[in-house]
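Here the structure comes first, spelled out in structure tokens, and everything after it is commentary.
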Amino acid sequence: MVDSRNLLEKVSDISTESEFFVPIPPGYKKGRTRYCFVMGTVMSGLGKGIFSSCLAKLMQDKGLTVAPIKLEGYLNIDSGTLNPFRHGEVFVLDDGMECDMDLGTYERILDQDLTRANFATSGQIFSSILHKERHGDYLGRDVQMIPHVTGEVKLKLRRLAAETDADIVFVEIGGTVGDLENAYYIEAMRELAYEEGPNSCCFMALTYILEPKILGEQKSKAAQLGIKQLMQCGVQPDIIACRAANPVSEKVRQKISVYSNVPFERIFDMPDSASIYMIPAMLRDAGLDFKVARLLNIEDRIDLRHERKAWARWCDFTDKIGSANHQVTIGITGKYTSVRDSYASIINALEHAGIALASETEIKWIETTTITDGNVAENLKDVDGIIVPGGFGTRGAEGKIACAKYARENNLPFLGLCFGFQMAVIEFARNVCGLTEANSTEIDPDCTGPVIDILPEQKKIEGLGGNMRLGGRDIELKARTLAWKLFGKKDSVRMRFRHRYEVDPRYIEVLEKAGLLFSGKAPNQPIMQILELPSHPFFIGTQAHPCLTSRPLNPQPMFVGLVAAAVQRHYPDEKLADPVQASRKVCG
Ligand code: GLN
């Protein structure tokens, strides 16, 4: 009898004869890869990405190859057009993919670069199906949600498995069980588990335990209903993680076990944690990693020696959390300051640098829309350094320029990122070179001093959409500069970009003559990528987004340099490591 589980053995493709539709990518080996599905019930914002990445990390520590993927319900093709106010920061991968900020969590926790294969949206799934339909690939079949749309999802997961040769693919489904837009993802998971057979998949549901103040006790009903909704989709969870403000009582966990058919020892609690970096230990202490390994029948692939080493390294890092002996305040000047998620990577990069240097790094949010030359000193008086972050458009730009001016004139440690780098160039051109009309054509398209202008290569494709310079690029470093020293005297480094505008090469000479040093540029192109002021204790900017590649176990040298310079400024009487010494000590 034909059975879709057998079809897997063959190169199954579309057939008008059969109801089964199991497209298999080349090189896929059935049984090689296991799948962990992470879903949320009751509400969104439970930290599915954090849970999934921390569990993936524990499996990676065991010497297993892990490949995460986030499945988004929305119809956008990528996250590039999403407003960071609504959706948090747009994270950019090395291959130029603009994706959800959860991918940043995976990269940081796993210390692993991801690609576009690790991110899918409904937009991508449907676009691919519609393309195939027009191409006649469905051979006269009516194209249906089941099996074709679900088939496309399964294809995406198996392709990731084949490309990465992963032991475990971690699949995080965006949104909450019960959302119309992710229902077909859950159906695809159910089908995949059926086709791959027993012990191939592990379904994990995150749920939330309410603790209304007025009752003073934990209530499990919402969680029960959420899990029930998942079971109505034909999915029996194997593991339930109970998110809650406090540790979840045994009674509540027993109740959830009874209602969900999930054995009590597989109901975990996951109370709020001060640092996400403590969560791997929380999951490990609860034995979640070995339970998953057992469920997936993958214990024989575990390398315990690898695990011992990886775990020791991780604990060296987490031991430093909360043991700071200095404290500094870094101002972040931007217009999205009311939504912290829009600066997630910067916050993380500062945290990594602070932990590595044993300096608690407080953030002061500075809304630049109201900053002027007149009030900037008042606003920056209690900070030890500033970051002028990336941004788009006019609002708040003059405030950022005022901040850069204040930092330059007052020896305040400064790090300019992308738009912040551009604002530093404008400030220097106006106030040091005397180009009073200096501006960016993004802010004033008709300005007579366009020191920042649209990239020539981007001009050609303007209007076609997707006209940003995106993804990882090499930066050539000039020898003996601050940047070169911070990065351990390397000739070149790689960082990630997301911009349309750049320094107009016609102004490079006048800027450099007046004392601005471009210490990093694109190889073979006059694109300026790092600037610094040799006369200043720490003034550096980059057209890139170095925050995107800062990792807890590998802090980013520019952030380490900034925090070190801020510590030096705050504690002038102590003989502390300078930014270069500090970065060399803690950066790989
Ligand atoms: N708006 C600027 C540009 O497009 C900076 C972009 C950014 O900060 N990401 O070049």
Side-chain angles (χ1 to χ4, degrees), residues 78-85 87-94 96-99 101 104 332-337 339 341-347 349 368-369 386-401 403-404 414-427 429 438-445 447 450-473 475 495-505 507 518 520-522 525-531 540-549 558:
D78 58 36
S79 309
T81 51
L82 298 182
N83 181 344
F85 262 132
H87 210 84
E89 112 186 312
V90 177
F91 197 83
V92 183
L93 301 178
D94 191 80
M97 183 70 182
E98 295 173 285
C99 56
M101 55 190 279
I332 301 183
T333 68
K335 67 176 182 186
Y336 304 128
T337 50
V339 186
D341 270 2
S342 48
Y343 294 118
S345 291
I346 296 181
I347 299 172
T368 43
T369 40
I386 59 167
I387 292 177
V388 180
F392 292 85
T394 341
R395 243 182 90 237
E398 287 300 324
K400 291 179 180 177
I401 293 171
C403 290
F414 171 94
L415 175 59
L417 306 175
C418 201
F419 195 66
F421 161 96
Q422 297 172 354
M423 296 304 104
V425 173
I426 296 170
E427 189 283 310
N439 214 333
S440 161
T441 50
E442 178 179 6
I443 296 166
D444 176 5
C447 77
V451 288
I452 305 293
D453 200 0
I454 196 128
L455 299 165
E457 58 185 280
Q458 309 303 109
K459 257 182 196 161
K460 285 182 240 142
I461 49 171
E462 218 191 344
L464 300 179
N467 58 354
M468 284 222 245
R469 181 169 178 258
L470 283 168
R473 296 274 196 289
I475 303 178
M495 290 203 250
R496 297 188 192 166
F497 291 80
R498 181 171 186 252
H499 67 127
R500 253 184 217 105
Y501 296 82
E502 62 162 2
V503 179
D504 186 327
Y507 290 95
F518 288 110
K521 65 181 212 52
Q525 268 176 309
I527 305 182
M528 299 302 109
Q529 312 208 302
I530 300 180
L531 66 72
I540 196 162
T542 172
Q543 187 62 81
H545 294 268
C547 47
L548 299 176
T549 40
M558 290 176 134

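Nothing fancy with the numbering, it's 1 onward along the sequence. Both counts, for ligands and for their atoms, begin at 1 and track the order of listing.
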For F392, does its backbone N or O pair with a side-chain atom of R395 as donor and acceptor, under 3.5 Å?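 Between the backbone of F392 and the side chain of R395 there is no qualifying donor-acceptor contact (under 3.5 Å).
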Under 3.5 Å: donor-acceptor pair, side chain of H499, backbone of Y501: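 Checked: pair present.
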For [atom], what's the nearest protein heavy-atom neighbour? Residue, atom name and distance, please.
atom	answer
atom 10 (O) of ligand 1	Y501 N, 2.8 Å
atom 8 (O) of ligand 1	G391 N, 2.9 Å
atom 7 (C) of ligand 1	C418 SG, 3.0 Å
atom 2 (C) of ligand 1	E442 OE1, 3.2 Å

Assess H545 for proximity to ligand 1: is some non-hydrogen atom of it under 4.0 Å away?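 Within the 4.0 Å threshold, so yes.
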Is Q543 close enough to touch ligand 1? Criterion: a residue heavy atom under 4.0 Å from a ligand atom.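 No, Q543 has no heavy atoms under 4.0 Å from ligand 1.
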Any N or O of L417 that comes nearer than 3.5 Å to an N or O of ligand 1?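 For ligand 1, there is no N or O atom that lies under 3.5 Å from one belonging to L417.
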Quick check on contacts: which atoms of ligand 1 are under 4.0 angstrom from a heavy atom of R500?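 With R500 as reference, the close atoms of ligand 1 come out as 3 (C), 4 (O), 10 (O).
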Between E502 and ligand 1, which residue portion shows a heavy-atom distance shorter than 4.0 Å: side chain, backbone, both, or neither?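 Within the 4.0 Å criterion, E502 makes no contact with ligand 1.
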Which is it for R498 and ligand 1 at heavy atoms under 4.0 Å: side chain, backbone, both or neither?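 Under 4.0 Å from ligand 1, R498 contributes backbone atoms alone.
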